[in-house]
Undergrad: 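So that we are looking at the same thing, I have put the structure below in structure tokens.
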Amino acid sequence: MSTTPEHRAPSALSPATVVVTAGRPDREQGGHVNPSVPMNSTYVSRGVITPGELSYARGDNDAWHPFEAALVALECGDGGAAGGDGGTADGDGGAAGSDGGADGGTARGEGIVFGSGMAAIAAVFSLVPDGGTIVLPRHAYQAGMVLADQIRDRHGVTLRHVDIADTDAVVAALDGADLLLAESPTNPMLEVADLPAVLAAARERGVRSVVDNTFATPLGQRPLEHGADIVLHSVTKYLAGHSDVVLGALVTRDAALAATLREHRTLHGAIAGPFEVWLALRGLRTLALRFERAQANAAELARRLAEHPEVAEVRHPSLPGDPGHERAKAQMNGFGAILGVRPAPRPGVAGSAGVAGSAGSAGSAGSAGSAGSAESAGSAGSAGSAGSVGAAGSAGSAGSAEAADSAGTGADAVERADAVVDAVRLWLPATSLGGVESMLERRRRWGTEAATVPEDLLRLSVGIEDVEDLWADLDQALRS
Ligand SMILES: Cc1ncc(COP(=O)(O)O)c(C=O)c1O
């Protein structure tokens, strides 16, 4: 069954190769080149279960192993189990201990796939004791923030919201905390954290750290190398890449932590289906190509949009004037493929009504349609989350903060942004991101989005289409 050394690929492979090679079956004559989709709820099993033994598919499931092994290979950056035996990985039955597994096992890290990114976030929050403290970004994926609010309310947990790009503020908030949840770049404001600095500060203070790496992907940055304890993904996005599955994952090098997180997955039943995981691995095969193209498209669109007469503000770390530019250049490979865009007010229209303003952001609570919606938090109780953000106005736009602040908070600006979404023909008006297809939405349409996110901010997830087609459609929508 095992791969002979001469048939193994070299160990120090580029991530662009690892996405293709990791998690494949052993190279047997006549064997499969892809993992199968094993459909089992249970496994033949007698007597006492030993670590690593498959027994019940909620605790551990061989359908997860190839994808988990591939994630470990990518996030731990050691070339992984490339060359054909990465699929055996690290199952421990989801409860105590770990088998120190062969490929994808504890020697270098463990991957834990979940039924969604939110399930992974919930597992991470479960590490915080009642009455504990979480440091988290004031702008971050909103359902995660709403869940944090609920944990605060139900478990007496203190939340310290910080501007994740403000290193001093993050470090100051860490004393006595139990968990730092960082996102970089943030959703949807694209703030870039100084990951090496904040993760080192967390480690020095004994604060466990988690980085949501959904926007950057392991090809864009590897937070474990910067000192994170756990990396989190909404696999739904770039890793799977085709807007056809919802999945999440965690990766950690800490075997005891991995066992705790697996136990949470088992006991909460936050598990992924075999076919979804298979699709994610299939999607991962093209991640390098997809992400390279999407990033190039995004940078080109950002450059053009920054000069567009109908645009007030563009956020993308690729822009030299963006507050996150230098930091992203230093710690990322590329700048990601999400843009923030605020349409320019129309002369004599935008801002004239004086409706709302950021105070009116309370209105966010009212935003009908957010409840139960897919990528939105799906909870009306977000006011606390928004209200807790505090420091408004620190958005720090790419060189046009004033223009941006005066625009985009009134009803007209919202209408203007909504009109752009209505006018696109190629771009998909939809929530989510990271698929091959370009999408956009006005984030504050969700009542759960933070009140310091401008009401007219459009989040653009740039896909892999021809950039000229994307540009032509955006340009006509902005001018319409
Ligand atoms: C940055 C980020 N993290 C986590 C999630 C949650 O992932 P999922 O929708 O797979 O539950 C999302 C979803 O949009 C996200 O954007």
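First listed ligand is number 1; within each ligand, the first listed atom is number 1. Starting from 1, each residue takes its place in the sequence as its number. FYI, side chains are in, hydrogens and waters are out, and symmetry mates aren't considered; it's all heavy atoms of this structure.
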Undergrad: Hey, could you give me each pair passing side chain to side chain donor-acceptor pair (under 3.5 Å) that has a residue in residues 239-252? Not counting sequence neighbours.
TA: Ser243-Glu437
Undergrad: Would you mind listing which atoms of ligand 1 come within a distance below 4.0 Å of any non-hydrogen atom of Lys237?
TA: 12 (C), 13 (C), 14 (O), 16 (O)
Undergrad: Using a strict 4.0 Å threshold on nitrogen-to-oxygen distance, state whether Glu449 and Arg444 make a salt bridge.
TA: no
Undergrad: Taking only non-hydrogen atoms of Leu247, do any sit less than 4.0 angstrom from ligand 1?
TA: yes
Undergrad: Flag the pair Arg445 and Asp418 as a salt bridge only when some basic side-chain nitrogen lies within less than 4.0 angstrom of an acidic carboxylate oxygen.
TA: no
Undergrad: State, without any angle test, whether Asn213 and Glu75 hold a side-chain donor-acceptor pair at a distance under 3.5 Å.
TA: yes
Undergrad: Against heavy atoms of Asp212, which atoms of ligand 1 measure under 4.0 Å?
TA: 1 (C), 2 (C), 3 (N), 4 (C)
Undergrad: For Met118, counting its heavy atoms only, list the atoms of ligand 1 lying under 4.0 Å from any of them.
TA: 6 (C), 7 (O), 8 (P), 11 (O)
Undergrad: Are any of the N/O atoms in Leu433 less than 3.5 Å from those in ligand 1?
TA: no
Undergrad: Flag the pair Asn61 / Asn40 as yes when at least one side-chain heavy-atom distance between them is below 4.5 Å, and no otherwise.
TA: no
Undergrad: Show which atoms of ligand 1 fall inside a sub-4.0 Å distance from at least one heavy-atom site of Thr236.
TA: 8 (P), 10 (O)
